[in-house]
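Heavy atoms only: backbone and side chains are in, while hydrogens, waters and symmetry mates are out. Note that the coordinates shown come from a computational prediction; the quantities given were computed from them, not determined experimentally.
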Amino acid sequence: MAAAAGSGTPREEEGPSGEAAAPQPQAPTSAPGARLSRLPLARVKALVKADPDVTLAGQEAIFILARAAELFVETIAKDAYCCAQQGKRKTLQRRDLGTLD
């Protein structure tokens, strides 16, 4: 947000069409009890350990893999939702996910 000229109070920035721009997503705060990952890290670690090619996996690597999986699922879900909207539907179908065959 930008400050209004001379007032010191924040105001919303305007987009190119003159209307207020959508607020940008904020990074998660480190509030007590806030989770940085939505996937259970123990489950991700178990999946990593199931791979015979993996010998060691540090906690940071497990967190990065969990976060990457979350972003992947989020992207796929958003794309599928857009496809459903284009078809004027509210229910996702397999074909919305693209070619999985």
Side-chain angles (χ1 to χ4, degrees):
M1 291 191 176
S7 68
T9 58
R11 64 173 177 84
E12 291 186 17
E13 293 183 30
E14 291 184 1
S17 63
E19 57 191 42
Q24 295 295 321
Q26 298 294 321
T29 59
S30 58
R35 291 181 56 172
L36 296 176
S37 175
R38 291 183 214 144
L39 293 176
L41 296 179
R43 183 68 55 99
V44 174
K45 187 172 186 172
L47 288 170
V48 170
K49 284 183 148 187
D51 185 354
D53 295 334
V54 176
T55 55
L56 290 174
Q59 194 63 25
E60 288 180 354
I62 300 297
F63 174 77
I64 296 289
L65 286 170
R67 187 68 180 124
E70 288 173 15
L71 293 174
F72 173 74
V73 170
E74 183 179 332
T75 301
I76 293 291
K78 284 181 180 178
D79 288 347
Y81 180 71
C82 287
C83 288
Q85 277 188 325
Q86 287 175 352
K88 295 184 171 78
R89 293 179 283 111
K90 291 183 180 180
T91 304
L92 295 180
Q93 296 176 353
R94 183 181 176 134
R95 67 178 184 227
D96 296 329
L97 297 174
T99 56
L100 297 176
D101 298 325

Subject >> Any pair counted as salt bridge (Lys or Arg N to Asp or Glu O under 4.0 Å), so long as it reaches residues 49-65, sequence neighbours left out >> reply: none
Residues forming a side-chain contact (heavy atoms from CB on, under 4.5 Å) with [X], sequence neighbours excluded:
| X | result |
| --- | --- |
| Glu70 | Ser37, Arg38, Leu39, Arg67 |
| Val73 | none |
| Ala84 | Arg89, Leu92, Asp96 |
| Leu65 | Val44, Val48 |

Subject >> Test salt bridge (Lys or Arg N to Asp or Glu O under 4.0 Å) applied to Lys78 - qualifying residues, sequence neighbours left out >> reply: Glu74
Original post:
Can Val54 be reached from Leu47 by stepping across I, L, V, M, F, W or Y side chains whose heavy atoms are under 4.5 Å apart?
Top reply: no
**OP:** Please name all residues satisfying side chain to side chain donor-acceptor pair (under 3.5 Å) with Lys90, sequence neighbours left out, ordered by chain then number.
**Re:** none
Original post:
Near Leu56 CG, under 6.0 Å, is it more than 12 heavy atoms from other residues, nucleotides or ligands?
Top reply: no
